[in-house]
Amino acid sequence: MKNSGKVHAALFVVALIYAANYSISKDVMPRYMGPFGLVVLRIVGAAVFFGVLSRLVAPQDRIRGRADHLRAVASGILGIGLNQLLFFSGLNLTSPINASLIQTIAPVVTVLASVVLLGEKITFPRLLGIGLAAAGAASIILSRGPVAAGGQDGLLGNVFILLNATAFGIYLVIVMPLMRKYHPFTVLARIFLVGTFIAVPAGWQQVLAPDYASFPPGIWAAIAYMVVCLTILAYLLNNWALKYASPALLGAYIYLQPALAVGIAVALGKDTLTLTKALQALLIFGGVFLVSQKPRPTPEAVPLEPAQD
C-alpha cells in the first residue's frame, strides 16, 4: 500500500488523541466547567470549522432528498449531540479506564444495528462475541467503587458511557450511506450543525457559569485540545485514513485506544489498573474481536461493507 505508513500514523494519532482525552477531560470537569459546557464548545467550534471547510472544498455539494435530510438529522442527533453529551456526562462520573473499556463495545452495537437495519448475517462466533463483550461491559457497569466527581459511585457514569457507545454504534450504520454519497466535509458540516441544536440548549448555562479569568494556562490548553485536536483534527485524520485502511486494520486500532487510555491514566495518576479491570478488558476485547470477524459471503448473497467511522 502506497500510503501504508501515513495511514498507520494517522490512525495512531487519532487513537492517541482519543486516549489522552479520558485523562485530560478530568482536569477540566467538573471543577472548571461542566460536561455539557465542554460539549457546546466542541460542537459549535466543529460546526463552524466544517461549515466553512465544506464551502471551500466542495462548494457545489449539497445533501438532497427528504430521505437523506432525515438521515443527516438522525446522524447529527445520535452521532454528535447525544453521543457527546452522554460521553462527557459519563466521563465526569466514572473513571478513565472504565469509560475507555465500555466505549470499546461500539463495534458490537454497530454489528447489531447492521443486523436489524440492514439484514446483515449473524453467525455463531459473532453471537458468542456479543455475549462476551456484554458480560465484560456489564461487569464494569455494575462494579462498585469511588471515582472522581466528588467520590460518587460511578454506576450512573458507566451507564451513560454504555448509552454513548450505543448511540455511536447506531450512528455509524446510519451515516455510512451519506459518507459514500456526498463529500465527507458536507456530511460533517450538516451533522455538527444538527448537533448544535441538541448541545446548545442543554449546555449553554454551563458555558456562561465559569469564571474564565481564573482559568490557569493548563486548563485553557486542555479546552483547546478538546476543541481542536479531539473534535477537528481527529475527524480530519480519521476520514482521510478511511480511504485507504482495510477493515482489519481499523479493527486493530479499536484495541489500541483503550490500551493507550489505560497507560496514560495510570501514568498521570488518574486511575489504577487492577486485575479485575484487566479481566473485564479481556472479555470485551475477545468479544469485539469475534464480532469484528466478517461472515463469509454465500454465493447467493452480496456481502455488505462494514460500517466505519
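Nothing here was measured: the structure is a model prediction, and the numbers come from that model.
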Side chain to side chain contact (heavy atoms under 4.5 Å, CB included) assessment of Met33 paired with Leu41: CA-CA 11 Å; Met33 182 178 288; Leu41 296 182; 3.9 Å; yes
Rounded distance [0.5 Å steps], CG in Leu128 versus OG1 in Thr123: 9.5 Å
Show me the donor-acceptor pairs within less than 3.5 Å that the side chains of residues 220-234 make with the rest of the protein, sequence neighbours left out.
| residue | atom | partner | partner atom | Å |
| --- | --- | --- | --- | --- |
| Tyr225 | OH | Ile17 | O | 2.6 |
| Thr231 | OG1 | Arg42 | NE | 2.5 |
| Thr231 | OG1 | Arg42 | NH2 | 3.2 |
| Thr231 | OG1 | Met226 | O | 2.9 |

Candidate pair Val57 and His183, rule side chain to side chain contact (heavy atoms under 4.5 Å, CB included), full reasoning: CA-CA 9 Å; Val57 176; His183 194 285; 3.5 Å; yes
With Asp271 via side chain to side chain donor-acceptor pair (under 3.5 Å) - residues at least two apart: Ser95, Lys277
Heavy-atom donor-acceptor pair, Asn164 side chain to Leu86 backbone, under 3.5 Å: no
Residue that, paired with Val207, satisfies side chain to side chain contact (heavy atoms under 4.5 Å, CB included) out of Val40, Val44, Leu38: Val40
Shortest non-hydrogen contact between Ala72 and Ile63, atoms and distance: CB-CD1, 4.1 Å
Verdict with reasoning, Ile264 to Lys270, per side chain to side chain contact (heavy atoms under 4.5 Å, CB included): CA-CA 8 Å; Ile264 292 171; Lys270 306 290 184 182; over 6 Å; no
Main-chain N/O of Gly90 paired with Thr94 side-chain donor or acceptor, under 3.5 Å: no
Main-chain N/O of Gly136 paired with Gln280 side-chain donor or acceptor, under 3.5 Å: no
Arg62 side chain to Pro59 backbone, donor-acceptor under 3.5 Å: yes
Donor-acceptor pair, side chain of Ser25 and main chain of Tyr22, under 3.5 angstrom: no
Sidechain-backbone polar pair: Thr104 side chain, Leu101 backbone, donor-acceptor under 3.5 Å: yes
Phe289, CZ atom: more than 12 neighbouring heavy atoms under 6.0 Å: no
Atom of Asn92, atom of Pro30 and distance for their closest heavy-atom approach: OD1-CD, 3.3 Å
Euclidean distance, Ser139 OG relative to Ile141 CD1, rounded to 0.5 Å: 9.5 Å
Close side-chain approach of Tyr18 and Ser100, heavy atoms under 4.5 Å: no
Gap separating the CG atom of Leu256 from the CG atom of Leu16, nearest 0.5 angstrom: 8.5 Å
Would you list the atom pairs, donor with acceptor, under 3.5 Å between side chains in residues 187-203 and any protein atom, with sequence neighbours excluded?
| residue | atom | partner | partner atom | Å |
| --- | --- | --- | --- | --- |
| Arg190 | NH1 | His69 | ND1 | 2.9 |
| Thr196 | OG1 | Leu193 | O | 2.5 |

Smallest separation among heavy atoms of Ala261 and Ala19, with atom names: N-CB, 3.4 Å
Heavy-atom pair with the smallest gap, counting every atom of Asp27 and Tyr32: O-CD1, 3.6 Å
Centroid-centroid distance, Phe36 to Phe88, less than 6.0 Å: no
